[in-house]
Amino acid sequence: MSDASLPNLPPAPTRSGTPLLSIVVPTFNERDNLAELVRRIGQALPDTAWEMIVVDDDSPDGTAAAARALAQGDPRVRCLQRIGRRGLSSACIEGMMASAAPYIAVMDADLQHDERLLGKMLPVLQHGEADVVVGSRYVDGGGIGDWDAGRARASRVATRLGQMALRVRLSDPMSGFFMVKADAVHDTVRALSGIGFKILLDLLASSPRPLRCREMPYEFRRRAAGESKLDGRVAWDFLMLLADKTVGRFVPVRFLMFGVVGTLGIVVHLVVLALMFQVGDLPFVWAQTGATLSAMTFNFAVNNALTYRDQRLRGALQLARGWFTFVAACSVGAAANVGIANYLFEHDTFWVLSAMAGVAVGAVWNYAVTSVYTWRAR
């Protein structure tokens, strides 16, 4: 984005001291919306010392470059470009922790949130009436715009599920438009999951103390430019967040998912074994070997796509290395499984308990080793 393409923005004040309000805007392929968003925020907050922190997940459309170009002419704009990391919630967390302002707002870059609400949210926090002010589509005066029936129905279901994990009741816990006291974020940040795209739900469910909330209505607008990021993976991330906030305090959610995938792998193993041994008439040892490798490959692929979606391996070399380390780890885990089970059985432990103990040891080994060597954080 060249300087010549920048719109005629109102004169921006020079930076002097800490802004009163930081507006965190997570982005991915939102280049064409940024300049208009800055203009609208400037009109909505003419007498407020604000800054906009654009947290971009290395958008291929040049969003980060556009943000830096805007910052050249407006010191209220900052850009954090993340390399090798993606995720709306984690982007919001990094943006909020990069702020020194006492108040932080989170909103999307697609112009669907009503920036005029920012000027009404801020006084509520300043006067101590709430810790969080949420822009709501579901209180009187709010609306979901031109959503179709399917999206509206999915939103209602997600809202009900989200309310189950909250300590406070909101009509719109799925809102991506809110303002919060920075102290509340700092007190909570180490407990946040950073999973998925609903940072408000994460914040409210993770806070060590109940946060006082106020909702304000707004009408959800039509996207100005670009494409919606909603897809099946977003729904999966939302379910993972809910699981983390309900049972994650007892058992890591990744381990639970790893176990679920492993259970499905047993089904794959038995199906392949039956096909190769019963239908294909192969010797049992060859059928068992093929079924074992098939189940391991299935487990690797599903874990890569879902359990470790945020650390997903891509490209032929990464996938080949990942598959090899996964199979190697699981082979050792299988040996440990058999060894532990056999030892307990020989020492007069009931065979079912022996088998379960072996499975548990093998599962913990597989999860621990593959999380370090197969999907190691990059």
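In this text the structure is predicted, and so the values were computed from the model without any measurement. Values reported hereafter were calculated over all heavy atoms of this structure, with side chains retained and with hydrogens, waters and symmetry mates removed.
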Calculate, to the nearest 0.5 Å, the distance between atoms [atom1] and [atom2] belonging to [X] and [Y] respectively.
{"X": "Ser331", "Y": "Met296", "atom1": "OG", "atom2": "CE", "answer": "4.0 Å"}
{"X": "Leu70", "Y": "Arg76", "atom1": "CG", "atom2": "CZ", "answer": "11.0 Å"}
{"X": "Leu275", "Y": "Ser294", "atom1": "CG", "atom2": "OG", "answer": "9.5 Å"}
{"X": "Thr188", "Y": "Met96", "atom1": "OG1", "atom2": "CE", "answer": "9.5 Å"}
{"X": "Glu94", "Y": "Arg82", "atom1": "CD", "atom2": "CZ", "answer": "4.5 Å"}
{"X": "Tyr367", "Y": "Arg254", "atom1": "OH", "atom2": "CZ", "answer": "6.5 Å"}

Taking all atoms of both residues into account, what is the closest heavy-atom pair of [X] and [Y], and its distance?
{"X": "Val77", "Y": "Ala67", "result": "CG1-O, 3.8 Å"}
{"X": "Leu273", "Y": "Ala291", "result": "N-CB, 3.7 Å"}
{"X": "Ala109", "Y": "Val25", "result": "CB-CG1, 3.5 Å"}
{"X": "Thr370", "Y": "Ala329", "result": "CG2-CB, 3.8 Å"}
{"X": "Val261", "Y": "Phe298", "result": "O-CE2, 4.2 Å"}
{"X": "Leu20", "Y": "Pro102", "result": "O-CD, 3.4 Å"}

With a 4.5 Å limit on heavy-atom distance, are the side chains of [X] and [Y] in contact?
{"X": "Asn304", "Y": "Leu319", "answer": "yes"}
{"X": "Cys330", "Y": "Asn299", "answer": "no"}
{"X": "Leu203", "Y": "Phe178", "answer": "yes"}
{"X": "Ser99", "Y": "Val24", "answer": "no"}
{"X": "Val124", "Y": "Met216", "answer": "yes"}
{"X": "Val133", "Y": "Lys120", "answer": "no"}
{"X": "Arg214", "Y": "Leu125", "answer": "no"}
{"X": "Ile41", "Y": "Ile23", "answer": "yes"}

*asked:* Any donor-acceptor pair under 3.5 Å linking the side-chain atoms of Asp202 with those of Ser206?
replied: yes

*Kindly assign one of parallel, tilted or perpendicular to the pair Tyr308 and Trp375, based on the angle between their ring planes and the thresholds 30° and 60°.*
parallel

*asked:* Tell me whether the rings of His113 and Phe177 are parallel (<30°), tilted (30 to 60°) or perpendicular (>60°).
replied: parallel

*Show your reasoning for whether side chain to side chain contact (heavy atoms under 4.5 Å, CB included) applies to Leu118 and Met107.*
CA-CA 10 Å; Leu118 294 170; Met107 65 187 302; 4.1 Å; yes

_Under the rule for salt bridge (charged side-chain N to carboxylate O under 4.0 Å, His left out), what residues qualify as partners of Arg68, not counting sequence neighbours?_
none

*asked:* Using the salt bridge (charged side-chain N to carboxylate O under 4.0 Å, His left out) criterion, which residues pair with Asp114? Sequence neighbours excluded.
replied: Arg116, Arg221

*Test side chain to side chain contact (heavy atoms under 4.5 Å, CB included) applied to Met52 and Asp74, step by step*: CA-CA 10 Å; Met52 187 173 85; Asp74 191 335; over 6 Å; no

_Checking Val260 against Thr307 for the side chain to side chain contact (heavy atoms under 4.5 Å, CB included) test, could you report, in this order, the C-alpha distance in whole Å, the side-chain angles of both residues, the deciding distance, and whether it holds?_
CA-CA 10 Å; Val260 170; Thr307 308; over 6 Å; no

Would you say [X] and [Y] are hydrophobically clustered, going by side-chain heavy atoms of ILVMFWY under 4.5 Å?
{"X": "Leu317", "Y": "Phe324", "result": "no"}
{"X": "Leu264", "Y": "Val268", "result": "yes"}
{"X": "Leu201", "Y": "Val139", "result": "no"}
{"X": "Met97", "Y": "Ile199", "result": "yes"}
{"X": "Val332", "Y": "Tyr373", "result": "yes"}

*Considering residues at least two apart in sequence or located in another chain, which fulfil the side chain to side chain contact (heavy atoms under 4.5 Å, CB included) criterion with Ser59?*
Phe28, Asn29, Asp56, Asp61, Thr63

_Audit row: Tyr103, Trp50, ring pair (Phe, Tyr, Trp, His ring centres under 6.0 Å) steps and yes/no_ = CA-CA 10 Å; Tyr103 305 103; Trp50 59 271; over 10 Å; no

*Is the backbone N or O of Ala368 less than 3.5 Å from a side-chain atom of Ser371, with the two atoms forming a donor-acceptor pair by type?*
yes

*Just by distance, do the side chain of Glu215 and the backbone of Ser171 share a donor-acceptor pair under 3.5 Å?*
yes

*Give the C-alpha distance, both sets of side-chain angles, the deciding distance and a yes or no for side chain to side chain contact (heavy atoms under 4.5 Å, CB included) between Val189 and Leu192.*
CA-CA 5 Å; Val189 66; Leu192 294 173; 4.3 Å; yes

